[in-house]
Amino acid sequence: MAKEKKFVEAITSMNEDFAQWYTDVVRKADLMTYSSVKGCMIIRPYGYAIWELIQKELDRRFKETGHENVYMPMFIPESLLQKEKDHVQGFAPEVAWVTHGGENELAERLCVRPTSETLFCDHYKDIVQSYRDLPKLYNQWCSVVRWEKTTRPFLRSSEFLWQEGHTVHATYEEAQEETIRMLNVYSSFCEEFLAIPVVKGQKTDKEKFAGAQATFTIESLMHDGKALQSGTSHNFGDGFARAFGIQFLDRDNQLKYAYQTSWGVSTRLIGAIIMVHGDDSGLVLPPNVAPVQLIIVPVQQHVEGVLDKAYELKERLSKVCRVKVDDSDKMPGWKFSEHEMRGVPLRLEVGPKDIEKNQVVLVKRENREKLFVSMDELEEKVPQILSDIQKSLYEKALAHREERTFTATTLDEMEKILNETPGFIKAMWCGDRACEDLVKDRMAATARCIPFEQEKISDKCVCCGKEAKHMLYWGRAY
RNA sequence: CGAGGUGUAGCGCAGUUGGUAGCGCGCUUGGUUUGGGACCAAGAUGCCGGGGGUUCGAGUCCUCUCACCUCGACCA
């Protein structure tokens, strides 16, 4: 089919080999490149620009909900890391250690932060004394290091960029409210900004964060039917406070332990964008996170007046969107492919014929739909089209997720779905760890979450047949 | 940490029974081109991942080592 024909051969087809497709896209869109250290990547300007847009919008939403940014050191003394038992155990296998300063061995080795709970706690114990000091709503943007055995660009790297919010509250209820508030910030951000629909829910005990009392998550479904944990929010109860001695004098003159939360999202979100929206021609960016929303490609740019018109349009359109002119001396076809690989949502072609007719050709990245628009209407039409694209990408992703969400009442059914049409599987669960373990051993799938929106698929646990307590989303995950 | 794979020009790769390094793309210069990856001409680019060995001679054989990729077990 001429219409279905691939324009770009440099990218492996998704259906042929999804993992290779992902690697090709990440490289061809020039989001990152490998570095000389295992599992670490160089985030290239285009990839970093996406991260900056994510940061900017999230940071705005954090501030809007009353949070302040701080910066903690990247080193954690070993003794500090060890104060909360579950927490150390969870992270011990993947921490990197600093043992020397110059030539001298350190008296106490320093851990390169895999997450900063212990640092925040150590600080909070000093600054929290009275109920009047609460709540503390801190966040930090930083990188963390986890010595991973297997790494993949953006999805799992040894060092990654993220944001970690850490808050302290006077009561459990308040901490729980904060935990859910931030989960909601994440879910609305993903849906509105990244055009990625998410399932909100709680992690099972097996899957929860080391040291947390409860972990909440947003789970999204990738194009290949695998799930991606896209953000988490934890309620620590007073567990860390007890381990670190974070106490305050309450209104009733009683000394009490404080309640805490933490929550984070990372550059992994970039991986989610790629795997939710991308296609065989490469990256597809929702306009809200596109560093370039509109690329102007002049055609026959050597012809008098063409480039001038392109620059003029850029000048005008820069007031309503992020726009660039590709005035390199590549062939137009080459530019089309290049900007499609990079996922630019909208392309504007302008050549002598257009100038004559006082119009331009707009081409949508998501479906290559061509629109002929009068030059006079651009400032009005372009933002409208971009917002349509944003909406359309969300709807497409939602439709895909719904198409790939199944229900199962037996393990055989689950296994069949996982092998034939991988996706989310809604199934009942009795609450026993043993059943989770069994599912994982047998079909490499995990409990993604106990969704807030419960449904009753059946009365019995999909695994052991005992009375069911919850409906779970199951799936194979990244 | 297990299983596999790969390291040769910026990128992708070839390199035979061991004989002193090549192709495509990209890059530079000039010209012609330009509505879906143009063409011609002239150039530039190498610690053959690293150490040790065998040999008159190693990209090639042996050995140790390092790194990266993919797939699994563990984790954002």
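A note on names: the letters A, B, ... follow the listed sequences, proteins ahead of strands, and every chain is numbered from 1. Computed from a prediction, not measured in an experiment: that's the story for all the values here.
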| Now, which nucleotide makes the Watson-Crick or G-U wobble pair with B:A21, with each of the two distances under 3.5 Å? | none
| message | I want to confirm an ordering. Mapping A:Asp354 and A:Phe154 to their closest nucleotides on RNA chain B, which one lands closer to the 5' end? | response | A:Asp354
| request: Both distances under 3.5 Å, Watson-Crick or G-U wobble: report the partner of B:A38, or none. | output: B:U32
| request: Report which part of the nucleic acid A:Arg347 touches: base, sugar-phosphate, or nothing (heavy-atom distance under 4.0 Å, all strands). | output: base
| task | For nucleotides B:A42 and B:U16, find the distance between their C1' atoms and express it as a whole number of Å. | result | 33 Å
| query | Looking only at side chains, do A:Gln229 and A:Lys203 share a donor and an acceptor under 3.5 Å apart? | reply | yes
| For atom CG of A:Asp327 and atom P of B:U34, their distance in whole Å | 18 Å
| message | Centroid distance below 5.5 Å plus an interplanar angle below 30 degrees: do A:His302 and B:U33 meet both conditions? | response | no
| Looking at A:Lys416 and A:Asp412, does any basic side-chain N land under 4.0 Å from a carboxylate oxygen? | no
| message | What's the gap between B:A58 and B:U54 when it is taken at their P atoms, as a whole Å value? | response | 11 Å
| task | Send over the distance from A:Asp329 CG to B:G26 C1', rounded to a whole Å. | result | 13 Å
| Is B:U60 paired to anything, Watson-Crick or G-U wobble with both distances less than 3.5 Å, and if yes, which nucleotide? | none
| note | From CE of A:Met32 across to P of B:C11 the rounded distance in Å is 13 Å
| query | Given atom CD of A:Glu338 and atom P of B:C25, what is their separation to the nearest angstrom? | reply | 17 Å
| query | Touch check for A:Ser157, heavy atoms < 4.0 angstrom, all strands: base, sugar-phosphate only, or nothing? | reply | base
| said: Please verify the inter-ring angle class for A:Phe18 with A:His223; under 30° counts as parallel, over 60° as perpendicular, anything in between as tilted. | reply: parallel
| task | Classify the nucleic acid contact of A:Val37 as base, sugar-phosphate or nothing, counting any heavy atom under 4.0 Å across all strands shown. | result | sugar-phosphate
| Between P of B:U34 and CD of A:Glu304, the distance in whole Å | 17 Å
| task | Considering just the side-chain nitrogens and oxygens of A:Lys330, establish if one lies under 4.0 Å of OP1 or OP2 belonging to B:G26. | result | no
| message | If the threshold is 4.0 Å, N to carboxylate O, is there a salt bridge linking A:Lys309 and A:Glu312? | response | yes
| field | Between B:C66 and B:C47 - P atom distance, rounded Å | value | 23 Å
| field | A:Arg476: side-chain hydrogen bond (donor to acceptor under 3.5 Å, both in side chains) partners, not counting sequence neighbours | value | A:Asn419
| query | What integer distance in Å separates A:Met331:CE from B:C39:C1'? | reply | 9 Å
| query | Given the P atoms of B:G36 and B:G50, what is the spacing between them in whole Å? | reply | 46 Å
| message | Taking pairing as Watson-Crick or G-U wobble with both contacts under 3.5 Å, can you name the mate of B:U54, or confirm there isn't one? | response | none
| message | Rounded to whole Å, how long is the line connecting atom CZ of A:Arg44 with atom P of B:C11? | response | 12 Å
| remark: Given protein heavy atoms under 4.0 Å, the one-letter contact record of nucleotides 70-75 of chain B, with B base, S sugar-phosphate only and - none, is simply SSBBSB
| request: Take atom P in B:C61 and the same atom in B:U8, then report the distance between them in whole Å. | output: 16 Å
| task | Spell out yes or no: do the side chain of A:Arg27 and the base of B:G12 have one donor N/O and one acceptor N/O closer than 3.5 Å? | result | no
| field | All side-chain hydrogen bond (donor to acceptor under 3.5 Å, both in side chains) counterparts of A:Glu94, not counting sequence neighbours | value | none
| Looking across every strand, which nucleic acid part, if any, lies under 4.0 Å from A:Leu228 by heavy atom: base, sugar-phosphate, or nothing? | nothing
| Where each residue is assigned the nucleotide of RNA chain B containing its nearest heavy atom, which of A:Gly39 and A:Lys335 is assigned the position nearer the 5′ end? | A:Lys335
| query | For B:C48, which nucleotide in any strand shown is its Watson-Crick or wobble partner with both distances under 3.5 Å? | reply | none
| message | So if I take every side-chain heavy atom of A:Ser337 and compare against B:U34, B:G36, B:G35, which nucleotide ends up nearest? | response | B:G36
| field | Between B:G36 (P) and A:Lys364 (NZ): distance, integer Å | value | 21 Å
| remark: Mate of B:C1 across any strand shown (Watson-Crick or G-U wobble, both atom pairs under 3.5 Å) is B:G72
| query | Expressed in whole Å, how much space separates the C1' atoms belonging to B:G4 and B:C75? | reply | 23 Å
| said: Please give the distance between the P atoms of B:C40 and B:G26 as a whole number of Å. | reply: 12 Å
| request: Pick the C1' atom in B:U55 and in B:U17, then give their distance to the nearest Å. | output: 15 Å
| said: With a 3.5 Å limit on both atom pairs, tell me what B:U16 is paired to, counting Watson-Crick and G-U wobble, or say none. | reply: none
| Proximity of A:Phe120 and A:Phe240 rings by center, below 6.0 Å | no
| query | Are A:Phe91 and A:Phe209 an aromatic pair by the rule of ring centers under 6.0 Å? | reply | yes
| remark: The Watson-Crick or G-U wobble partner of B:A67, with both key distances under 3.5 Å, is B:U6
| field | Heavy-atom pair with the smallest gap, counting every atom of A:Trp429 and A:Glu436 | value | CZ2-OE1, 3.5 Å
| query | Is there a donor-acceptor contact under 3.5 Å linking the side chains of A:Gln260 and A:Thr167? | reply | no
